[in-house]
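Since the structure is predicted, the reported quantities are computational estimates derived from the model, not experimental observations.
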Amino acid sequence: MGQKATPVSSVKKNLTKAEKKIRQDVETTFAAIDRTLQPPEYFTADQKKIFNDLVEKLSATKLLLSLDQTTFEQAAIIIDRLNCVDKMLNNPENIFNINATNIRQKYFSQYLKICAELALSPAARAKLGTLSANNNKNTDPLVDALGGAKS
């Protein structure tokens, strides 16, 4: 299975100028799409709060697109339902409710996947940071091979 695609600005492999230009053009086209994301009307107050909080915190990355609407909707729903199950399990009568613990396990698994998609986990942020740092080195492989540009 191949690796997930990352923005061309944080790709650590060397791309030809043509490949880089094509990818930058595609990313720029998508980046021009409206970034206003709004929670759906049917959301509960808690889900709207979670949705808006996610959008607010991730808007600084300048990677949000209107195409991300569904991903943010699902993230808000999963987080809200996980919180509901946790509240229910905090009741001593429900702590051994096998159905509730199974539901919590499923929601938590979905939560981890959505965190990876939105770069919300520390591991996902570290990976993006590493890729970005490697990309900012701007080393020329030919110069490295010839033993030049030591820093």
Side-chain angles (χ1 to χ4, degrees), residues 1-139 141:
M1 190 164 132
Q3 293 180 336
K4 291 183 181 177
T6 56
V8 73
S9 61
S10 60
V11 171
K12 66 180 177 181
K13 72 177 183 176
N14 294 318
L15 299 172
T16 66
K17 287 182 182 180
E19 290 172 329
K20 195 169 190 173
K21 172 95 173 90
I22 290 169
R23 287 188 57 181
Q24 283 175 334
D25 288 346
V26 170
E27 289 175 15
T28 304
T29 301
F30 281 119
I33 297 173
D34 179 28
R35 288 191 178 118
T36 55
L37 300 175
Q38 297 294 324
E41 292 297 319
Y42 63 87
F43 266 21
T44 65
D46 287 341
Q47 290 171 342
K48 285 181 182 180
K49 184 177 184 286
I50 293 166
F51 181 95
N52 290 329
D53 193 42
L54 286 171
V55 170
E56 177 186 331
K57 289 187 170 125
L58 291 175
S59 63
T61 63
K62 298 181 181 171
L63 297 174
L64 296 183
L65 304 173
S66 57
L67 299 172
D68 298 323
Q69 179 76 30
T70 304
T71 306
F72 279 93
E73 288 174 8
Q74 292 306 308
I77 292 168
I78 290 166
I79 293 169
D80 180 53
R81 290 182 181 167
L82 185 59
N83 289 340
C84 289
V85 172
D86 284 341
K87 287 176 189 173
M88 188 179 82
L89 287 172
N90 280 340
N91 182 345
E93 296 173 5
N94 294 328
I95 199 159
F96 295 110
N97 183 334
I98 197 74
N99 290 332
T101 54
N102 286 342
I103 290 170
R104 188 197 185 284
Q105 184 178 3
K106 288 178 183 176
Y107 279 134
F108 191 71
S109 174
Q110 291 174 350
Y111 169 76
L112 292 177
K113 288 176 185 172
I114 207 91
C115 282
E117 286 296 318
L118 296 174
L120 295 176
S121 69
R125 288 191 304 273
K127 182 177 178 182
L128 284 176
T130 302
L131 290 173
S132 180
N134 287 341
N135 191 46
N136 288 335
K137 287 181 183 176
N138 292 328
T139 59

#### Entry: Pair Q69-F51, side chain to side chain contact (heavy atoms under 4.5 Å, CB included): steps then yes or no
CA-CA 10 Å; Q69 179 76 30; F51 181 95; 3.6 Å; yes

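With sequence neighbours left out, the side-chain hydrogen bond (donor to acceptor under 3.5 Å, both in side chains) criterion links D86 to R104. Residues passing the side-chain hydrogen bond (donor to acceptor under 3.5 Å, both in side chains) test with N52: none are found, sequence neighbours excluded. Considering only residues two or more places apart in sequence or on other chains, I103 meets the side chain to side chain contact (heavy atoms under 4.5 Å, CB included) condition with V85, Y107. Under the side chain to side chain contact (heavy atoms under 4.5 Å, CB included) criterion, N99 pairs with N97, sequence neighbours left out. By the side chain to side chain contact (heavy atoms under 4.5 Å, CB included) test, I50 is found to be paired with L54, A76, I79, D80, N83, residues two or more places apart in sequence or in another chain being considered. When the side chain to side chain contact (heavy atoms under 4.5 Å, CB included) test is applied to Y42, the partners found at least two apart in sequence or on another chain are P40, E73.
Atom CG of L37 is separated from atom CG of L58 by 10.0 Å, given to the nearest 0.5 angstrom. Interatomic distance, K48 NZ to Q38 CD, rounded to the nearest 0.5 Å: 10.0 Å. The CD atom of E56 sits 10.0 Å away from the NZ atom of K49 when rounded to the nearest 0.5 Å. From E117, atom CD reaches atom CD of Q74 across 12.5 Å, with rounding to the nearest 0.5 Å.
Contact annotation: the side chain of F43 approaches that of I77 to within less than 4.5 Å [non-hydrogen atoms, C-beta and beyond].
Atom OH of Y111 is surrounded by 12 or fewer heavy atoms from other residues, nucleotides or ligands within 6.0 Å.
Considering every non-hydrogen atom in both M88 and N94, the closest pair reads O-ND2, 3.2 Å. The two residues T71 and L118 come nearest to each other via the heavy atoms CG2-CD2, 3.7 Å.
D53 has a carboxylate O that lies under 4.0 Å from a charged side-chain N of K57, or vice versa, which qualifies the two as a salt bridge.
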